[in-house]
Chemist: 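Below is a structure I'd like to ask you about.
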Amino acid sequence: MTSPLRHLTEAGFLGKFYIDGEWRKPIGSVAAAATVVNPATEQPIAEVPLGDDDDVDCAIAAARRAFAGWSMTAPADRAALLDRVHGLLLQRLELFAQVLTCEMGAAITYARRAQVPLAAEHIRVARDNLATYPFVTARGSTAIMREAIGVCGLITPWNWPLYQITAKVGPALAAGCTVVLKPSELSPLSALLFAEVMDDAGCPPGVFNLVNGTGPIVGAGLASHPLVDMISITGSTRAGVLVAQAAAPTVKRVAQELGGKSPNIILPDADLSRAVPLGVGAAFRNLGQSCSAPTRMLVSRSQMEEVEILAAAAASELVVGDPLAESTTHGPIANRPQFERVQTMISVGLKEGAKLVMGGPGRPDHLQTGLYARPTIFSNVRRDMRIAQEEIFGPVLSIIPYDTVDEAIAIANDTVYGLGAHVQGADMKAVRTIAGQIQSGQVHLNYPDWDPNAPFGGYKRSGNGREYGLEGMEEYLETKAVLGFYR
């Protein structure tokens, strides 16, 4: 198989944006580029141009021209495009897996097993929803119509690059919207491959557009532009606030999927031999670089010692190393700023007096280069410690004791975030009751399978709006009431 970098280079995509059905060189007056660094080697592997306001204007104009026609297409026609996109993603799974590994460090086995196939699922769900979704319903003599909101700016992050692209592009196109995508400049290569998929799938010109760039320029340009009807952003809470502020003067819809500090309540009757190892695995999924990672494990004080032993044993089985090696379970942190953030917060935990169960600052002993972090577990963490309150976004787990179930619920809700949560226990009545008391957009009971139809989004500073499933598509729809329609 041709390497993804060679493929992108030979195709000429690295120096271009995808606008109005064509690969185009930047037209903006500001000549700037982003260097893509392989986090496993800390060596540059590619450069991509960064757009400016002129490039944003060009892409938005293309999307605006295409909207009138695309929004009026039959749902079956939109589903047919998504079906072709879904098929191409699966056909090119290995190419995408390889590019994700080199641009953000995902272990190749994890990229093949999760990053790419789960991304394809978002396209499949969007396709399937079109078969049954009632875009027009009757309420007495009034017709309730659901119509595409318009041109949408989509801003996606570096930690799940392809997955977050499909989670937005799929439902937006299904709804009848046209889009301008701004992927993270830290992991933009998978977005270029996705643009190629859209082109090869026969996407009409202007329906999908891609402009690489930074948040302060391209992201802010999309958010503030009067011809953009909606912004959907996945990123930090700080980035979400800036986007909302930029969008406010034009009163456009803003959907935000932001930070998290998800709790995992392990009840006293839970099977610890199952609940703790799976909890460690969930917290360290994608090396902890997931906004919904359950990085606060809440445990009955009387069970702390047993939990520490089980957690350390589970974490010791993780294989941190070369992400291209088949035996590796966890690769490097995706980029230098995030690596430094993780190291800083591990040091903070030590200074705050948390008990270090395993891990700590620095790289694993066997790795001399690369942005590798030690899987780290702290215990006896107080709810007011920074490591219990702030999103670290790395392989750092805090074990927090509680004395009563009511206290566990209070600790779970004691953050500014509310994106995800977990509850483990044998008494399902109690587990379900607790789920209803946790302030978060998703609650997982006893480690269920991932459900691409389950709406995903946050309470509090974790954002607003929902992605995935029907609710994800409805974010891109306006509601119109036509009175007297059924006379």
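What's counted below: heavy atoms across the whole structure, side chains too, no hydrogens, waters or symmetry copies.
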Chemist: Atom CG of Leu445 and atom CD of Gln424: how far apart are they, to the nearest 0.5 Å?
Modeler: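 Going from CG on Leu445 over to CD on Gln424, the span is 8.0 Å.
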Chemist: Determine the minimum heavy-atom distance between Leu419 and Glu257, stating which atoms define it.
Modeler: CD2-OE2, 3.5 Å
Chemist: Tell me whether Gln256 contacts the main-chain N or O of Gly240 through its side chain, where contact means a donor paired with an acceptor under 3.5 Å.
Modeler: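 Checking the backbone N and O of Gly240 against the side chain of Gln256, a donor-acceptor pair under 3.5 Å is found.
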Chemist: Quick check against the 3.5 Å criterion: does Lys182 have a side-chain atom that pairs as donor or acceptor with the backbone of Gly153?
Modeler: no
Chemist: Before you tell me yes or no, could you show the steps for Met473 and Val125 under side chain to side chain contact (heavy atoms under 4.5 Å, CB included), namely the whole-Å CA-CA distance, both residues' side-chain angles and the distance that decides it to 0.1 Å?
Modeler: CA-CA 10 Å; Met473 185 174 74; Val125 168; over 6 Å; no
Chemist: Side-chain contact, heavy-atom cut-off 4.5 Å: Leu154 with Gln164?
Modeler: no
Chemist: Taking C-beta and beyond as the side chain, do Ile217 and Leu50 meet within less than 4.5 Å on heavy atoms?
Modeler: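 No. Closest side-chain heavy atoms not under 4.5 Å.
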Chemist: Apply the ring-ring contact (aromatic ring centres under 6.0 Å, His included) test between His122 and each candidate in Trp450, Phe456, Phe194; give the one that qualifies.
Modeler: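 Passing option: Trp450.
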Chemist: Please determine whether the number of non-hydrogen atoms from other residues, nucleotides or ligands lying under 6.0 Å from atom CZ of Arg238 exceeds 12.
Modeler: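 12 or below, so no.
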Chemist: What distance do Met198 atom CE and Asn209 atom CG have between them, rounded to the nearest 0.5 Å?
Modeler: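 Rounded to the nearest 0.5 Å, the CE-CG separation comes out at 10.0 Å.
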Chemist: Measuring only between side-chain heavy atoms, which start at C-beta, is Val197 closer than 4.5 Å to Phe96?
Modeler: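 In contact.
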Chemist: Output, in order, the C-alpha distance, side-chain angles, deciding distance and verdict of side chain to side chain contact (heavy atoms under 4.5 Å, CB included) for Ile438 and Ile265.
Modeler: CA-CA 10 Å; Ile438 297 177; Ile265 299 177; 4.0 Å; yes
Chemist: For residues Tyr18 and Leu181, determine if any side-chain heavy atom of one lies less than 4.5 Å from a side-chain heavy atom of the other.
Modeler: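 Side-chain contact under 4.5 Å: no.
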Chemist: Closer than 3.5 angstrom, by distance alone: can the side chain of Glu475 be matched with the main-chain N or O of Arg466 as a donor-acceptor pair?
Modeler: yes
Chemist: For Pro401 versus Ile411, what's the shortest heavy-atom pair and its separation?
Modeler: O-CD1, 3.9 Å
Chemist: Tell me whether Arg363 contacts the main-chain N or O of Gly370 through its side chain, where contact means a donor paired with an acceptor under 3.5 Å.
Modeler: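 Side chain of Arg363 to backbone of Gly370, a donor-acceptor pair under 3.5 Å: yes, one is there.
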Chemist: Give a yes-or-no answer on whether the side chains of Tyr133 and Arg146 include a donor-acceptor pair shorter than 3.5 Å.
Modeler: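 Yes, a side-chain donor-acceptor pair sits under 3.5 Å.
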Chemist: Are any of the side-chain nitrogens in Arg112 or Glu94 under 4.0 Å away from the carboxylate oxygens of its partner?
Modeler: yes
Chemist: Does the side chain of Glu308 reach to within under 4.5 Å of the side chain of Val299, using non-hydrogen atoms?
Modeler: no
Chemist: For residues Ile45 and Cys102, report the shortest heavy-atom separation together with the two atoms involved.
Modeler: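 Closest approach of Ile45 to Cys102: CD1-O, 3.4 Å.
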Chemist: Are more than 12 heavy atoms from other residues, nucleotides or ligands located less than 6.0 Å from atom CZ of Arg92?
Modeler: yes
Chemist: Using side-chain heavy atoms (C-beta onward) and a distance below 4.5 Å, is Thr109 in contact with Glu326?
Modeler: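 The answer is yes, as the side chains (C-beta and beyond) meet within the 4.5 Å cut-off.
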Chemist: Without hydrogens or angle criteria, can the side chains of Gln437 and Asn413 be said to hold a donor-acceptor pair below 3.5 Å?
Modeler: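 No, Asn413 and Gln437 have no side-chain donor paired with an acceptor closer than 3.5 Å.
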Chemist: Give me the atom names and distance for the closest heavy-atom approach of Ala354 to Ile387.
Modeler: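 Smallest heavy-atom distance, with atoms named: CB-CD1, 3.9 Å.
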Chemist: Going through the distances and angles, do Val48 and Leu192 end up as a side chain to side chain contact (heavy atoms under 4.5 Å, CB included)?
Modeler: CA-CA 10 Å; Val48 297; Leu192 294 173; 4.3 Å; yes
Chemist: Could you point out which residue of Pro171, Ser232, Pro455 forms a side-chain contact (heavy atoms from CB on, under 4.5 Å) with Glu467?
Modeler: Ser232
Chemist: Of the non-hydrogen atoms in Asp229 and Lys252, which two are nearest, and what is the gap between them?
Modeler: O-CB, 3.4 Å
Chemist: Do Asn286 and Met104 have side chains that approach each other closer than 4.5 Å (heavy atoms only, starting at C-beta)?
Modeler: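 Yes; the side chains approach each other to less than 4.5 Å.
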Chemist: Roughly how far, to the nearest 0.5 Å, is CG of Asp403 from OG of Ser300?
Modeler: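 The CG atom of Asp403 is 7.5 Å from OG of Ser300, to the nearest 0.5 Å.
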Chemist: For Glu42 and Thr369: C-alpha separation, side-chain torsions, deciding distance, then whether side chain to side chain donor-acceptor pair (under 3.5 Å) applies.
Modeler: CA-CA 8 Å; Glu42 299 182 70; Thr369 60; 5.5 Å; no
Chemist: Can you pull out every ring pair (Phe, Tyr, Trp, His ring centres under 6.0 Å) where at least one residue sits in residues 386-407? Sequence neighbours excluded, please.
Modeler: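 Counting only pairs at least two positions apart or across chains, the ring pair (Phe, Tyr, Trp, His ring centres under 6.0 Å) contacts touching residues 386-407 are Trp158-Phe393.
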Chemist: Can a donor-acceptor pair be found between the side chains of Tyr447 and Asn264 at a distance below 3.5 Å?
Modeler: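 A pair is found: one side chain offers a donor N or O, the other an acceptor, under 3.5 Å apart.
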Chemist: Could you check whether any side-chain N or O of Gln368 sits under 3.5 Å from a backbone N or O of Asp365, counting only pairs where one atom can act as donor and the other as acceptor?
Modeler: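 Yes.
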Chemist: Can you tell me how far apart CG (Asn335) and CD (Glu340) are? Round to the nearest 0.5 Å.
Modeler: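 Asn335 atom CG to Glu340 atom CD measures 10.5 Å (nearest 0.5 Å).
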Chemist: Looking at every non-hydrogen atom in both residues, tell me the closest pair between Gln289 and Asn159 and how far apart they are.
Modeler: O-ND2, 2.9 Å
Chemist: Is the side chain of Ser462 donor-acceptor paired with the backbone N or O of Gly418 at a distance under 3.5 Å, no angle test?
Modeler: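 A pair under 3.5 Å: yes.
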Chemist: Just verifying a value: how many Å separate Thr295 OG1 and Arg285 CZ, rounded to the nearest 0.5 Å?
Modeler: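 The distance works out to 10.5 Å.
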Chemist: In terms of ring plane angle, is the pair Tyr163 and Tyr468 parallel, tilted or perpendicular, where the classes change at 30° and 60°?
Modeler: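 Ring orientation, 0 to 90° scale: perpendicular.
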Chemist: List for me each residue that meets ring-ring contact (aromatic ring centres under 6.0 Å, His included) alongside Tyr459, sequence neighbours excluded, and say none if there are none.
Modeler: none
Chemist: So do the side chains of His330 and Pro375 get within less than 4.5 Å of each other, counting heavy atoms only?
Modeler: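 No, side chains not in contact.
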Chemist: Let me confirm one number: the OG-CG distance from Ser3 to Leu8, rounded to the nearest 0.5 Å.
Modeler: 8.5 Å
Chemist: Would you confirm whether Ser290, through its side chain, and Ala293, through its main-chain N or O, come within 3.5 Å as a donor-acceptor pair?
Modeler: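 It does not hold such a pair.
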Chemist: Backbone N or O of Ala325 within a donor-acceptor pair of the Ser327 side chain at under 3.5 Å?
Modeler: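 The answer is no, because no donor-acceptor pair under 3.5 Å joins these two groups.
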Chemist: Mind running side chain to side chain contact (heavy atoms under 4.5 Å, CB included) on Leu258 and Tyr417 for me, showing each step along the way?
Modeler: CA-CA 9 Å; Leu258 308 176; Tyr417 299 111; over 6 Å; no
Chemist: Sequence neighbours excluded, which residues qualify as ring-ring contact (aromatic ring centres under 6.0 Å, His included) partners of Phe13?
Modeler: Trp23
Chemist: Does the Asp269 side chain pair with the main chain of Asp427, one donor and one acceptor, at a distance under 3.5 Å?
Modeler: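 A pair under 3.5 Å: yes.
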Chemist: Can you tell me if Arg253 uses its side chain to pair, donor with acceptor, with the backbone of Ile149 under 3.5 Å?
Modeler: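 Here the side-chain-to-backbone pair does not exist.
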